[in-house]
Protein chains: 2
Amino acid sequence: MVEPARTAPSKPASLSESLTRRLEDLILDGTLKPGGKVPSERQLSERLGVSRNSLREALKMLRGRGLIETRHGQGSVVTGLVPRLHQEGPLMLLYQEHPRILYDLLEVRELLEGRAAFLAAERAREIDLNRIAHAFRALEAPPHDTDPEEVARCDHAFHQSIYEASNNPVLIHTLESLLQPMRQSVVASVKNLYHRTASKKQIDRHHRQIYHAIVGRQPEWAEKAARAHIRDIRSRLQEIEKEEQRLDRSTSWERMIGS
Amino acid sequence: MVEPARTAPSKPASLSESLTRRLEDLILDGTLKPGGKVPSERQLSERLGVSRNSLREALKMLRGRGLIETRHGQGSVVTGLVPRLHQEGPLMLLYQEHPRILYDLLEVRELLEGRAAFLAAERAREIDLNRIAHAFRALEAPPHDTDPEEVARCDHAFHQSIYEASNNPVLIHTLESLLQPMRQSVVASVKNLYHRTASKKQIDRHHRQIYHAIVGRQPEWAEKAARAHIRDIRSRLQEIEKEEQRLDRSTSWERMIGS
DNA sequence: ACAAACACACTGGTACTACCAGTTTACTGT
DNA sequence: ACAGTAAACTGGTAGTACCAGTGTGTTTGT
């Protein structure tokens, strides 16, 4: 049987949960300013009329979402709105602490996007090809004067137009559910890669290869090019990470996302 | 000056935090399966040797990240990395009316299971191999006297043990979210295939090939065999469907699922 | 007078107990 | 056989006591 609606609007919810929401609201409306200190647990719990236990659980929840940071003996501080971007999915939050799963993701992505390119080259309809062509032109058009953010968006749109042309709903839905939650980070990584002219040239080359293979109805080439593309990105990210680990101890992701 | 690292690699951290990581790992490596129930708090806290309090805080953190869902009086369940595809529906409902997307699914499955077999042959640990061997024996053991339902279950368990051995969380969760919602129907289809001795022999042959390739550490063979297996199933189903369409107008799926 | 050492008052972190509140299960009485 | 209830789960809150870092005073040694 179908279970009752999973997302009731305005749950009565548990106390710790409603506490979480109250604190979130306080952060959002500026009562608790980013960078500012959160009142101590004992203080808050008394003022809100709840046990320190429940209050702590609410704080843990906020901490899990990256809204506050806590240091033993000092207190908690509001981290600000930037982490709010990561709110989009479990994958996103998780891979900040387990960077390895980014490579696992790229491994799967190589498979799926490769196949998507193959299928696109094989069965794309005219309207699909038009969309791809449009996205491709947007990607190639302005070699300068565009902000990296926009370029990254176009990059994503290009890939999207391709796997949507595969006409395989399962494939589309799977890729969508994999990529969409991490869109922000993908944007960040692409932005990072585009900074390096060598990387950019190679990426553009791959994009061209994929595009022409698809419009030229060359499934095998398209798949090969798409897989090479993802593999290339994967190894470049790996390279960058190693590099940064050599320079300082912070991982590349912090600064990519941090800004 | 950049503020101190937000995600220091391997902090000694607090207990509840390390608990969070441990649980995350359990989810990532598939010990805690998406959709599966998390042991009760009292149980877990005792087994891990920590207070229920700390454990609860760890769970709250996971809950804040959307990795688990908790219901009063029932317990917690793992939600998975990938949003459960179509749990309430689109796919499941859709494909009853449009059987074609079953083939789309098998297309994606061929990719993913092929790669999973490859990775399993490459990086399976002993415990993984043991699980695979166990599932394989259960699948081969009794050539008769078992009901088709049970055989189908073993079949699924075998495939599951393989992709769980891939040690790629993204791959595992993707396949899980693809297959689990349709498990009923897959069971039905396999049950159907097993009725035909010719099909059964070929399927068993494929299973053996996959198994030996994995335990023999032959990634390429494993992938080839796994893909051939899915492809074979796909074509056989297609065959059956055509057959039944010739016999009467009702598609095979209605009766398979209908029961 | 200066600086190191200490004591104390914070902060969050863990533990344990007791109890409340939903769910499920199993037993009971009709 | 069935309905109804009691008990045994489940998670949720509360409260206390104590441990462990952190900062800030005061005291103490030179």
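Below, chain A is the first sequence line, B the second, and so on; all start at residue 1.
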In whole angstroms, how far is the P atom of D:dT22 from the NE2 atom of A:His72?
8 Å

Could you tell me the separation between the CZ atom of A:Arg52 and the P atom of D:dA14, rounded to a whole number of Å?
14 Å

Find the distance between CG (B:Leu59) and CD (A:Glu57) and round it off to the nearest 0.5 Å.
9.0 Å

Would you indicate, yes or no, if C:dA15 has its OP1 or OP2 atom less than 4.0 angstrom from a side-chain nitrogen or oxygen of B:Ser54?
yes

Yes or no on side-chain contact (heavy atoms from CB on, under 4.5 Å) for A:Arg109 and A:Leu178, after CA distance, side-chain angles and deciding distance?
CA-CA 8 Å; A:Arg109 218 186 132 181; A:Leu178 275 179; 6.0 Å; no

In whole angstrom, what separates B:Ile68's CD1 from D:dG11's P?
10 Å

Within the structure, does a side-chain N or O atom of A:Thr70 lie under 4.0 Å from either OP1 or OP2 of C:dG12?
no

Tell me if the side-chain of A:Asn53 makes a donor-acceptor pair with the base of D:dG15, cut-off 3.5 Å, by modelled atom types.
yes

Could you state the atom-to-atom distance from CG of A:Leu59 to C1' of C:dG12 in whole Å?
10 Å

Taking the six-membered ring for Trp, are the ring centroids of B:Phe158 and B:His207 within less than 6.0 Å of each other?
yes

Short side-chain N/O contact to C:dA15 OP1/OP2 from B:Ser51, under 4.0 Å:
yes

Strictly by modelled atom types, are B:Tyr163 and B:Glu176 linked by a side-chain donor-acceptor pair under 3.5 Å?
yes

Nearest whole angstrom, please: distance from the P of C:dT24 to the CZ of B:Arg71.
10 Å

Nearest-Å distance for atom pair CZ/P, residues A:Arg63 and C:dG12
13 Å

Residue-phosphate contact under 4.0 Å: B:Arg56 side-chain N/O, D:dG12 OP1/OP2:
yes

5' precedence on DNA chain D between A:Gln74 and B:Glu41 (nearest-nucleotide basis)
B:Glu41

So, OP1 or OP2 of C:dT11: does either fall under 4.0 Å of a side-chain N or O from A:Ser76?
no

Between A:Arg100 and A:Tyr103, is NZ or CZ placed under 6.0 angstrom from the six-membered ring centre and within 45° of the ring axis?
no

Grab the CD-P distance between A:Glu46 and C:dT11 for me, whole Å please.
11 Å

Euclidean distance, atom CD of residue B:Glu57 to atom C1' of C:dA15 [Å, nearest integer]:
11 Å

By nearest heavy atom, map B:Gln43 and A:Arg42 onto DNA chain D; which one lands nearer the 5' end?
B:Gln43

